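One structure is given here, and the rest of the page talks about it.
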Protein chains: 4
Amino acid sequence: MCGLGRLKEAHISTPEERWADGGTDTGRTLSFSDAVIAIAITLLALNLEVPQVPESSAAAELPSALLELWPNLFSFVLSFWIIGVYWLAHHRLFQQVNAYDRWMLLINLLFLMWIVLMPFSSALIAEYEHQQLPVIIYAVHNILTSLTLTWLWRHAIKDSRLVKANLDPRLVRHSNFRSFIVPSVFLLSIGISFISVDVARLSWLLVGFLTGPTLQKYM
Amino acid sequence: MCGLGRLKEAHISTPEERWADGGTDTGRTLSFSDAVIAIAITLLALNLEVPQVPESSAAAELPSALLELWPNLFSFVLSFWIIGVYWLAHHRLFQQVNAYDRWMLLINLLFLMWIVLMPFSSALIAEYEHQQLPVIIYAVHNILTSLTLTWLWRHAIKDSRLVKANLDPRLVRHSNFRSFIVPSVFLLSIGISFISVDVARLSWLLVGFLTGPTLQKYM
Amino acid sequence: MCGLGRLKEAHISTPEERWADGGTDTGRTLSFSDAVIAIAITLLALNLEVPQVPESSAAAELPSALLELWPNLFSFVLSFWIIGVYWLAHHRLFQQVNAYDRWMLLINLLFLMWIVLMPFSSALIAEYEHQQLPVIIYAVHNILTSLTLTWLWRHAIKDSRLVKANLDPRLVRHSNFRSFIVPSVFLLSIGISFISVDVARLSWLLVGFLTGPTLQKYM
Amino acid sequence: MCGLGRLKEAHISTPEERWADGGTDTGRTLSFSDAVIAIAITLLALNLEVPQVPESSAAAELPSALLELWPNLFSFVLSFWIIGVYWLAHHRLFQQVNAYDRWMLLINLLFLMWIVLMPFSSALIAEYEHQQLPVIIYAVHNILTSLTLTWLWRHAIKDSRLVKANLDPRLVRHSNFRSFIVPSVFLLSIGISFISVDVARLSWLLVGFLTGPTLQKYM
């Protein structure tokens, strides 16, 4: 945003790099990503529809009609926090990034495509709460999403081209370790789903526990 | 956004803090929050559906069909201004904040989850305008939202770690006082709903009066 | 966004002003406003639904089914450009503004409420293309929107408190003149609607003509 | 965003230019554009609806019901990447732009109008996968979108008024060449659609190939 900073950045990137969509100002990519993630996380709530009971018998029927929304509420809260965890990871990743190239923009778009599809998979597990297929689709979807984020990170740190020069090697090790938490939980849940669909769904709550603030202190 | 500022910030935060999602650049958190609040406030209008009457008898039936939208319009305007008041409070809060940690990001996400659910609760009170249950759900929903914002503020000022050093103690007292207005009004409305659902709904308009610009001058 | 700029700003605003939601960094207000306007302008397209004809007879029936979308397309394009004109006016207005107070935030929220309601009024005129009532609602809606923007401008330039010090008086006169174009066209269309609903709807296209780039040169 | 930068900018633009909506701070135009594109790209997923089969026979019927979503998934992925390519082109274009005038804002709004209509055309080709008319509409829609972006670029570089002074002539030639890729592919697909609708739809995948990162290296 600052005139001086921009001029200096322009000097660093060679013309070739700019033709290939490279640059050092990640601002627009981040604001576009934030907007896409924000819309997807908000559209999750569209799966919660107000139940329709006649106004005359609403006093009697509304409580149970609202309770029937329980699977929708479960999948809303679950998907909200999973997208929230992805946003936190994206946020953390780009704190280390200070340049980008065309591949980075494309991998980021692929990550955003998985995010945009999340309300669909979320609606699927809400609609068919005792079926195995939606559980597998939801798990595979999340494995692909988190692997795409790992790909983004690996691409950024390769040859240290797109990250800050003084990147702490412990931070890299820590990030590499972290990036396995989400895909591992979802891979495990696919195995569990062959025994019990309900336990497989509950196992996803491990994502919240393993990426939570308390545990992070000791890792 | 400015190169120099960022470098200095990087110096202030220790590596440990950064692993734990800490930092001083709240820009992305704010733009993500703004986008989520903006989408939720806009989706409120989806509860206002154009009434369907035959084109042939529209001249006669359309006026009354539009008047029947009154409860939807009431809940739209009410929820629009309540989310507006939350945005103002969030805006005011982050004017004092100059750093964040992982807990702050998570409490902020919890606040955004309540905001995202607002169109649902708003549709519920529009659909069942004479029922007590939707009134209680709407009130509890708003109590949770405002308490989450209070939690965010308390976490930020604890040990003065995430706020500006020279925070005016009068401003802190004032903020503490203000943070009780919204939950108090909604708690009161739950009590009133046992006597009259209509009066309980009207009592929510107190939020607009108590947080309005005229009154604020004297507080 | 710049550390130094922010510190200086903090000095200018007195504690009293900050309690009353005042400040000089309009960044968040603008990004929130942009997001709300962007969502409303995009939701306009939801009124364009893909027509449903059987796949077997689609080759014969689809062309006429698509032509029947004409009133929806008219109201989409019209409302898209009207919201576009409001965004341009909001953008132009805030180029002169360098501070805000609580009233300004509230008037801006009122302006955004009218914007958020625009897809509803737009769907109404698309659904009932030969009725007078939707035309009057649409016109009144736009008069209120543009008057709210005028109120925002008047509040900002009052006592020169919220605008740049060296504001060109010719620019003020020009802005005052411009702010009457949109309400005048819509007021006129209400009168015309008593004679012909179709002519009243077409008269709205004057907004595009009168605020267009060619004419502006000579004003 | 920085006080000093803004003051200097204000000096450069003459009062006449500012009346005509000119200026050098493209920040708000970009954030508004990003928000509109982000919403349109996310709304594409609304065309993917969860199939409704009875819970009792879901185990048997859900797999085939999900497979029937294939044309919707094809048009979602296709349109997501096409909008993604437009965003990349818009991003690349504005990296060279350092000023704007009223015409630029209006051409940009026209570009955003095509983007906002994309979910409609995308739903149309998903709904009627064997019809020629939706294919022609989708192709014409994309030709108009990319030509509007070319118009934006031509307007910006005309007399070098709105771009950086030291613009590399090779970059201009390269951009001019690139801007013909998308309209050429879609024009070609219209011709193909008279022979085979399916081949015409598949020919659109050329956009991904021709604008991909591998090929760009050699151009």
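The structure displayed is predicted, hence computed values, not measured ones. In what follows, chains are A, B, ... by sequence order, proteins preceding strands, each numbered from 1.
- Residue Ile37(B) does not touch chain A at all, counting heavy-atom pairs closer than 4.5 Å.
- Here the CG-CD distance, from Leu62(A) to Gln131(B), works out to 6.5 Å after rounding to the nearest 0.5 Å.
- Interatomic distance, CD of Glu127(B) versus CD of Glu49(A), reported as 11.0 Å (0.5 Å rounding).
- Leu88(A) CG to Phe32(B) CZ: the interatomic distance, rounded to the nearest 0.5 Å, is 8.5 Å.
- Side-chain contact between Phe80(A) and Leu117(B) is absent, with no heavy-atom pair separated by less than 4.5 Å.
- Per-residue heavy-atom pair counts under 4.5 Å with chain B were compared for Val77(A), Leu44(A), Leu48(A), and the maximum is reached by Leu48(A).
- Heavy-atom minimum distance, Ala38(A) versus Val36(B): CB-CG2, 3.6 Å.
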Walk me through whether Trp81(A) and Leu110(B) qualify under side-chain contact (heavy atoms from CB on, under 4.5 Å). CA-CA 9 Å; Trp81(A) 284 99; Leu110(B) 183 64; 4.0 Å; yes

Next item on the list: Starting from the C-alpha separation in whole Å, work towards a yes-or-no answer on ring-ring contact (aromatic ring centres under 6.0 Å, His included) for Tyr100(B) and His91(A).
Entry: CA-CA 13 Å; Tyr100(B) 65 93; His91(A) 183 245; 5.7 Å; yes

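- If you take CG on Leu43(B) and CG on Leu43(A), they are separated by 6.5 Å, rounding to the nearest 0.5 Å.
- The parts of Leu124(B) that come within reach of chain A are both its backbone and its side chain, each placing non-hydrogen atoms under 4.5 angstrom from that chain.
- Both the backbone and the side chain of Thr29(B) have a heavy atom closer than 4.5 Å to some heavy atom of chain A.
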List the steps and the verdict of side-chain contact (heavy atoms from CB on, under 4.5 Å) for Phe120(B) and Leu69(A).
CA-CA 12 Å; Phe120(B) 174 80; Leu69(A) 282 178; 3.6 Å; yes

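- Residue Thr42(A) touches chain B through both its backbone and its side chain, counting heavy-atom pairs closer than 4.5 Å.
- Side-chain contact check for Ile39(B) versus Ile41(A): every heavy-atom pair is 4.5 Å or farther apart.
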